[in-house]
Amino acid sequence: QMQLKESGGGSVQSGGTLRLSCTSSGNTHTDYCMGWFRLNPAKKREKVAAIDRDGTTRYEDSVKGRFTISQDNAKTTLYLQMENLKPEDTAMYYCAADPYAGCSGWRTLDFNALEAWGQGTSVTVSS
């Protein structure tokens with residue numbers, strides 16, 4: 001069974017950069033769409049970015065042009081490069097494995113459909 005662990009969070013000023021990592025064990029990402037979600041201070045869950053089995057990437061509108069999702073060739077580590085960070089990006093960031101075609105679990109925020117969650121990594125952006 002896949003296990004995920006996020007890292008790379010921290011505190012930065014507005015305009016700063018962070019790179020999050022999500023390392024998997026027990027299975028590779030080959031058969032999954034891998035996605036990033038966040039839980040903001042108001043406890044609102046948002047989808048952030050996803051990368052499908054064929055490498056297709058998807059982004060929430062609020063992060064397009066600032067965040068980049070990628071994964072290593074071995075498909076055991078997922079990344080989220082975050083640039084030009086804004087205070088509204090402050091949240092706990094989680095990675096998850098979506099077994100459904102077209103990242104449908106990520107797109108519809110169907111958390112019951114997602115397999116394997118990490119414990120999250122905290123990102124704080126100050127103005």
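We count residues from 1, following the sequence as given. Model, not experiment: these values are computed from the prediction.
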Are V48 and W117 co-members of a hydrophobic cluster defined by side-chain heavy atoms under 4.5 Å apart? no
Give the intermediate values and the outcome of side-chain contact (heavy atoms from CB on, under 4.5 Å) for residues W36 and E6. CA-CA 10 Å; W36 286 98; E6 304 91 340; 3.8 Å; yes
Using modelled atom types only, decide if a donor and an acceptor are shared between the side chain of T90 and the backbone of V125 within a distance under 3.5 Å. yes
When you measure from the side chain of D54 to the backbone of T56, do you find a donor-acceptor pair of N or O atoms at a distance under 3.5 Å? yes
Could you state the interatomic distance from NZ (K47) to OG1 (T108), rounded to the nearest 0.5 Å? 8.0 Å
Note: R53 and D31 closest approach over all heavy atoms is NH2-O, 3.1 Å
Apply side-chain contact (heavy atoms from CB on, under 4.5 Å) to K43 and list each qualifying residue two or more places apart in sequence or on a separate chain. L39
N-O pairing of D61 and K64 below 4.0 Å: yes
Any sub-3.5 Å donor-acceptor pair from W106's side-chain atoms to M34's backbone N or O? no
Would you indicate whether the side-chain heavy atoms of S24 and H29 approach each other to under 4.5 Å? yes
For the pair D72 (side chain) and T77 (backbone), establish whether a donor and an acceptor sit closer than 3.5 Å, ignoring hydrogens and angles. yes
Can a donor-acceptor pair be found, under 3.5 Å and without considering hydrogens, that links the side chain of T57 to the backbone of I51? no
Are the side chains of C22 and L20 in touch, meaning some heavy atoms are under 4.5 Å apart? no
At what distance, to the nearest 0.5 angstrom, does OG of S104 lie from CG of L114? 9.0 Å
Could you pull out the closest heavy-atom pair between D89 and V123, with the gap in Å? O-CG1, 4.3 Å
By side-chain hydrogen bond (donor to acceptor under 3.5 Å, both in side chains), S127 pairs with (sequence neighbours left out) none
Go through it in stages, so that I can follow the logic: the residues are N40 and E88, the test is side-chain contact (heavy atoms from CB on, under 4.5 Å), and I'd like the CA-CA distance, side-chain angles, deciding distance and then a yes or no. CA-CA 8 Å; N40 69 18; E88 51 263 43; over 6 Å; no
Check the surroundings of atom CD in Q13: do more than 12 heavy atoms from other residues, nucleotides or ligands lie under 6.0 Å from it? no
Kindly compute the distance separating CZ (R38) from CD (E60), expressed to the nearest 0.5 Å. 8.0 Å
Near N73 CG, under 6.0 Å, is it more than 12 heavy atoms from other residues, nucleotides or ligands? no
How would you list, by chain and number, every residue that makes a salt bridge (Lys or Arg N to Asp or Glu O under 4.0 Å) with K75, sequence neighbours excluded? none
Could you walk me through whether L4 and Y94 satisfy the side-chain contact (heavy atoms from CB on, under 4.5 Å) test, starting with their C-alpha distance in whole Å, then the side-chain angles of each, then the deciding distance to 0.1 Å, before giving a yes or no? CA-CA 9 Å; L4 301 173; Y94 300 87; over 6 Å; no
How long is the span from the CD atom in E115 to the OH atom in Y100, to the nearest 0.5 Å? 7.5 Å
Quick check: closest heavy atoms across C33 and D52, and the distance to 0.1 Å? CB-OD1, 3.7 Å
With rounding to the nearest 0.5 Å, note down the distance linking OH in Y79 to OG1 in T68. 14.0 Å
Hey, is D98 close enough to R107 for a salt bridge, meaning N to O under 4.0 Å? no
How close do M92 and S122 get, counting heavy atoms only, and between which atoms? SD-N, 3.5 Å
Ring-plane angle category for Y93 and F67, please: parallel below 30°, perpendicular beyond 60°, tilted otherwise. tilted
Would you call R58 and C103 a side-chain contact if the rule is heavy atoms closer than 4.5 Å? yes
Could you tell me if the side chain of E83 sits less than 4.5 Å from the side chain of T17, heavy atoms only? yes
Would you say CD of E46 has more than 12 non-hydrogen atoms from neighbouring residues, nucleotides or ligands within 6.0 angstrom? yes
Linking I/L/V/M/F/W/Y whenever any side-chain heavy atoms sit under 4.5 Å apart, do M2 and L78 land together? yes
More than 12 heavy atoms from other groups under 6.0 Å of CD on Q119: yes
Interatomic distance, CG@L80 vs OG@S70, rounded to 0.5 Å, equals 8.5 Å
